[in-house]
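Atoms within a ligand are numbered from 1 in the order they appear, just like the ligands themselves.
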Amino acid sequence: MRLPVFQPFRRGSIAAGSAICIGTDMKNILFVASEAVPFIKTGGLADVVGSLPKYFDKNEYDVRVVLPKYLSMPWHFTERLEFIAYFYMEIGYQNKYVGVFKLVHDGITFYFIDNEAYFGGAKPYGDIKFDLEKFSYFSRAALCILPVVGFRPDIVHCHDWQTGLVPVYMKDSFRGGEFYQNMKSIMTIHNLKFQGIYDIKTIRRISGLSDYYFTSDKLKVYDDANLLKGGIAYADYVTTVSNTYAEEIKTEFFGEGLEGLMCARSNSLCGIVNGIDYNEYNPETDWRIPFKYNAVNFRKEKWKNKTDLQQQLGLEVNQHKFMIGLVSRLTDQKGLDLIACVMDEICSDDVQFVILGTGEERYENMFRYYDWKYGNRVSANIYYSEDMSHKVYAACDAFLMPSLFEPCGLSQLMSLRYGTVPIVRETGGLKDTVEPYNQYESTGTGFSFANYNAHEMLAAIRYAKHVYYNDKRGWNKIVDRGMAADFSWTTSARKYENLYNWLLGW
Ligand code: ADP
Ligand code: GLC
């Protein structure tokens, strides 16, 4: 038997970008996630969960979001939260307090689940065992609060391993009740590397799930239990954040041990590329950057951000210097060992390199070392700052992102938006969003290389540098094309809408 396969743009012949309304009834969608801007952010997941809900057709979709109420959230949000209710929830053999708060922000309703024993820490994530317990609690609580807040979603849209148990609970203890009947679930994989794994005994205890769930076709992997696997196995549909990554995760290298399951689910798996919030990331209106510019006047205005940043960071002030930026979590995923391998070659006389990131100590120290070694050419900013990230996107000429794997990547999209030319490795979303420069046909929005090889990366950097210094018109045309590319949420939000409609049988 052939199963029906979802095609983002085929069914109902809805064209990309069109806003055709199918039916008049409102569809209720609940996003469940562990982070969302502007409340709490450790990476791209927060950007997606905080911005995508704003881009659905409000006449047809009521999209709300449920998040943990972290104590580390900025105070100006915490003080605006409206208390809704509290109750006690059974999970495993325990009875846990669940507080529910609400905030309407930018037209979107956010619910916050309060339990300071779980969410009182300085950061959203820490010790994995404790994280597993708190996000099992969170996943169950996200479903339990729904009758209390009076919102019945048609679809519960889960994001990453922290919410992996939601689809499992929906088919378990929540299946019988009328309120939850026929509710569908979607699991979106933002990064298959993180799965939420621990021994079966522990997960069984903290989740309250019965032995039935701990077999190899459900949560079990070898002798352990895997929360994301549960979500993927039980969700009605699975998405990931680019087409290429949707294919890659069916292979051994990218599949992180779940490639078999990904292949098994390939009839109900698709990639929908991320967008970015074009209001938040807009060089024409961005209050975080000193000199505004747009696709028309960037030739005259953008460089002023460069000299301003050079001054601020103690680099040689020279508007003509080729400045490369890197804004990233400093982890293996991001291809930093390639940079380590050829850092001396990258930092030649005619380059400036600005790094903003935090993460693994060895990479933090590596960049600190090169900052010390090439003081007026390299600036290592080992901290997290939203303000500084915008300044780097606006000031640099090129942006380096040589990832080992990249489910989608948002930094290259931000760079394109700010007229900063991405230099990327052709993997995952980087491959889908950066078109390599072709000097003969005058096409392309960036520079790329295929193999995970430091000297291939170096060649791409040198090629970009060559075009920058020797063919400024050609370079500016690359910037033109990059700034004209549309990676707002418009197209991708329509694809999610089509998926929702398809799942609900519209
Ligand atoms: P990932 O989610 O894998 O970290 P993405 O490219 O999808 O990668 O998203 C990264 C997000 O985090 C971007 O919004 C980027 O600007 C931001 N970011 C990463 N490191 C920092 C930092 N040190 N300071 C500010 N923003 C950062
Ligand atoms: C993950 C991925 C990144 C993606 C982001 C948002 O953190 O590493 O590639 O852009 O999620 O989907």
Note to self: Whether R140 engages the ring of Y169 as a cation-pi pair (distance to the six-membered ring centre under 6.0 angstrom, angle to the ring normal within 45°) should be assessed.
What the structure shows: yes

Checklist line | Atom indices of ligand 1 within 4.0 angstrom of M401 heavy atoms, with elements | finding: 6 (O)

Checklist line | Where at least one partner belongs to residues 156-166, residue pairs that pass salt bridge (charged side-chain N to carboxylate O under 4.0 Å, His left out), sequence neighbours excluded | finding: none

Margin query: Closer than 4.0 Å to some heavy atom of G44 - which atoms of ligand 1 meet that?
Written below: 1 (P), 2 (O), 7 (O), 9 (O), 10 (C), 11 (C)

Checklist line | Residues, nucleotides or ligands: over 12 heavy atoms within 6.0 Å of E79 CD | finding: yes

Next item on the list: Find all atoms of ligand 1 within a distance of less than 4.0 Å from any non-hydrogen atom belonging to S389, and give their numbers and elements.
Entry: 25 (C), 26 (N)

Item checked: Candidate with minimal heavy-atom separation from atom 5 (P) of ligand 1, of T358, V241, L410 -> L410

Check: Rounded to the nearest 0.5 Å, how far apart are SG of C396 and CZ of F353?
Finding: 9.0 Å

Next item on the list: Assess C408 for proximity to ligand 1: is some non-hydrogen atom of it under 4.0 Å away?
Entry: no

Notebook entry, point to check: N365 and R368: side-chain donor and acceptor closer than 3.5 Å?
Noted result: yes

Notebook entry, point to check: Which residue from Q412, E280, E406, K334 reaches closest to atom 8 (O) of ligand 1 through any of its heavy atoms?
Noted result: K334

Check: Nearest to atom 16 (O) of ligand 1, what protein heavy atom do you find, and at what distance?
Finding: Y393 OH, 2.7 Å

Next item on the list: Assess the side chains of Y198 and E133: does a donor N or O sit below 3.5 Å from an acceptor N or O?
Entry: no

Next item on the list: List every atom of ligand 1 that sits less than 4.0 Å from any heavy atom of S385, numbering the atoms from 1 in the order shown and giving each element.
Entry: 24 (N), 25 (C)

Margin query: With the threshold set at under 4.0 angstrom, would you say H190 reaches ligand 1 through any of its heavy atoms?
Written below: no

Item checked: K69 to F119 six-membered ring, cation-pi geometry met (6.0 Å, 45°) -> no

Item checked: S389-D387 side chain donor-acceptor pair, cut-off 3.5 Å -> no

Margin query: Given a heavy-atom cut-off of 4.0 Å, could you list the residues near ligand 2 in chain and number order?
Written below: G44, L45, V48, H190, N191, V241, N274, R329, Q333, E406, P407, C408, G409, L410

